Student: 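Before I ask anything, here is the structure I am working with.
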Amino acid sequence: MKRRSFFHSLSLTLAAPMVASAQPGLADRPIRLIVPVAPGGSQDIVARLLARHMAGPLGQSIVVENHPGAGSNIGYEIVARARPDGLTLAAGSDSLSINKALFPRLGFDPVEDFAPVAQATQVPQILVVRADSPAEGLAGFVELAKRQPLAVGTPGNGSLSHLLQQVVQDASEVEWTHVPYRGGALAVNDLMSGALQGVMINIGAVTEHVRAGRLRGIVVSSPQRTPALPQVKTFHESGLAHAEAVGWHGLVAPRGTPADMVARLHAAVVQALAVPELQQRLAALGIESTDAPPEALGARMVSDAQRWGAVVRRAGLRPD
């Protein structure tokens, strides 16, 4: 048995009694899972999959609530100000670390005011074009941008997609017009209609379009090619290794949530991620599951805040 498989199986075995032991009085109350974006996107999909498959191990119902707006800060603030009793969680993403620099005057700290629970997924970004685009690969896209004006859409100003396309522009010494949208679906629709020449977005939003031949992948941001779209080269293969950036989905709780409660919630995530239905759904979207412990997620949130904060400051980015 592989080392990872052994410890994964062991963690599931040890998690079962821990998950079942809710604090008296709390097990009868539902958990609120706040999703800080609108329904339909990958962050919302992952949150709802986790809620469905964590409820059994926890012995509690989980109610998903969407609270979009203000760069996800409306939803995040609800959780940051909630009682740290394990009954209010946020469906977190890389936006937490980015928002620390992008919104310096918030009434809460997007990194320090949360207790990491679990990083559930890793989500590469992908640059896509229409199937009839003359651009082949990243080099071809850069050359096209040197010959004619291009407009590249992203799911929003200050999103990981936005920052990553800025990194690509800087490294390639080429400019195009960045067009931020309020959600990835609108950007993809405009790309397919011809209003845009490219879209940088998380892979889960366009996997099926690329497989169907409606769009073509130019480059992915993961260290290795993704099994979902193995024909698409990585940034490393395309000569921009430092542009690698993999987003994440996961759960965070209010700061001060007891360690035993965090451990109980993390164990439920691990059990949920082992469910074949959930694994198959994520794989279909090109999203990789992971069961990183809370400490690893916490360290990532801090390091990401440093990395993306530098990009935000260098480019002089501001929220909408």
Side-chain angles (χ1 to χ4, degrees), residues 41-42 94 98 123-247 285-286 307-308 311-312 314-317 320:
S42 60
D94 36 76
I98 294 170
V123 192
Q125 299 288 308
I126 185 170
L127 175 61
V128 292
V129 297
R130 280 169 46 116
D132 60 359
S133 171
E136 294 285 349
L138 182 60
F141 190 81
V142 170
E143 285 302 316
L144 185 63
K146 292 178 179 178
R147 297 196 306 267
Q148 65 184 63
L150 298 184
V152 176
T154 69
N157 191 38
S159 63
L160 178 59
S161 303
H162 176 197
L163 270 60
L164 188 56
Q165 67 85 35
Q166 183 67 49
V167 169
V168 175
Q169 285 194 68
D170 293 344
S172 303
E173 298 182 343
V174 66
E175 292 187 5
W176 52 68
T177 301
H178 169 238
V179 184
Y181 286 76
R182 295 189 181 277
L186 296 175
V188 172
N189 288 342
D190 275 2
L191 174 62
M192 290 194 288
S193 73
L196 299 173
Q197 289 73 52
V199 165
M200 183 75 80
I201 197 167
N202 82 69
I203 195 170
V206 293
T207 298
E208 292 305 318
H209 291 303
V210 176
R211 286 174 175 164
R214 292 184 290 270
L215 299 177
R216 184 168 69 251
I218 292 293
V219 64
V220 293
S221 67
S222 49
Q224 294 84 34
R225 294 195 190 194
T226 171
L229 299 172
Q231 76 276 19
V232 184
K233 290 184 178 180
T234 66
F235 275 116
H236 182 81
E237 293 175 299
S238 304
L240 287 181
H242 71 281
E244 292 176 356
V246 180
L285 294 171
R307 178 187 183 185
W308 298 120
V311 175
V312 167
R314 185 168 62 249
L317 302 181
D320 291 333

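Remember, predicted model here, so these are calculated numbers, not experimental data.
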Student: So does Gln148 have more than 12 non-hydrogen atoms from other groups sitting under 6.0 Å from CD?
Tutor: yes
Student: Please list, chain by chain and in numerical order, all residues satisfying side chain to side chain contact (heavy atoms under 4.5 Å, CB included) with Val152, sequence neighbours excluded.
Tutor: Leu127, Phe141, Trp176
Student: Listed by chain and number, what are the side chain to side chain contact (heavy atoms under 4.5 Å, CB included) partners of Asp170, not counting sequence neighbours?
Tutor: Gln166, Arg314
Student: Considering the options Gln165, His178, Gln125, which one meets the side chain to side chain donor-acceptor pair (under 3.5 Å) requirement together with Thr154?
Tutor: His178
Student: Using every non-hydrogen atom in the two residues, find where His242 and Arg307 come nearest and quote the distance to one decimal.
Tutor: O-NH2, 3.1 Å
Student: Mind checking whether Leu138 and Val168 have side chains closer than 4.5 Å, heavy atoms only?
Tutor: yes
Student: Considering only heavy atoms from C-beta outward, does the side chain of Asp94 approach that of Trp308 to under 4.5 Å?
Tutor: no
Student: How far apart are the closest heavy atoms of Ile201 and Ala205, and which atoms are they?
Tutor: CD1-CB, 3.5 Å
Student: Do Pro134 and Leu144 touch side chain to side chain, with heavy atoms closer than 4.5 Å?
Tutor: yes
Student: For a quick test of reading the model, state the closest non-hydrogen atom pair linking Ser172 to Leu240 and the distance between them.
Tutor: OG-CD1, 4.0 Å
Student: Could you state the interatomic distance from CZ (Arg130) to CG (Leu191), rounded to the nearest 0.5 Å?
Tutor: 7.5 Å
Student: When you measure from the side chain of Thr177 to the backbone N and O of Ala151, does any donor-acceptor pair fall under 3.5 Å?
Tutor: no
Student: What is the minimum heavy-atom distance between Gly213 and Ala131, and which atoms define it?
Tutor: O-CB, 3.2 Å
Student: Hey, mind stepping through Phe235 and Leu164 against side-chain contact (heavy atoms from CB on, under 4.5 Å) and telling me if it holds?
Tutor: CA-CA 11 Å; Phe235 275 116; Leu164 188 56; 4.0 Å; yes
Student: List the steps, then state whether side-chain contact (heavy atoms from CB on, under 4.5 Å) holds for Ile218 with Ser238.
Tutor: CA-CA 10 Å; Ile218 292 293; Ser238 304; over 6 Å; no
Student: Does anything in residues 145-163 form a salt bridge (charged side-chain N to carboxylate O under 4.0 Å, His left out)? List the pairs, not counting sequence neighbours.
Tutor: Glu143-Lys146
Student: Might you work through the side-chain contact (heavy atoms from CB on, under 4.5 Å) test for Val179 and Leu196, ending with a clear yes or no?
Tutor: CA-CA 8 Å; Val179 184; Leu196 299 173; 3.9 Å; yes
Student: As a quick check of understanding, evaluate side-chain contact (heavy atoms from CB on, under 4.5 Å) for Val174 and Leu150, giving each step before the final call.
Tutor: CA-CA 10 Å; Val174 66; Leu150 298 184; over 6 Å; no
Student: Which heavy atom of His162 sits nearest to which heavy atom of Gly158, and what is that distance?
Tutor: ND1-N, 2.8 Å
Student: Provide the closest heavy-atom pair for Gly286 versus Thr226 in the form atom of the first, atom of the second, distance.
Tutor: O-OG1, 4.1 Å
Student: Taking side chain to side chain contact (heavy atoms under 4.5 Å, CB included) as the criterion, tell me which of Leu285, Val123, Ile126, Leu160 meets it with Asn202.
Tutor: Val123
Student: Hey, what do you get for CD1 (Ile203) to CG (Leu229), rounding to the nearest 0.5 Å?
Tutor: 4.5 Å
Student: With rounding to the nearest 0.5 Å, note down the distance linking CZ in Arg216 to CZ in Arg214.
Tutor: 15.0 Å
Student: Going by heavy atoms in the side chains, are His209 and Val188 under 4.5 Å from each other?
Tutor: yes
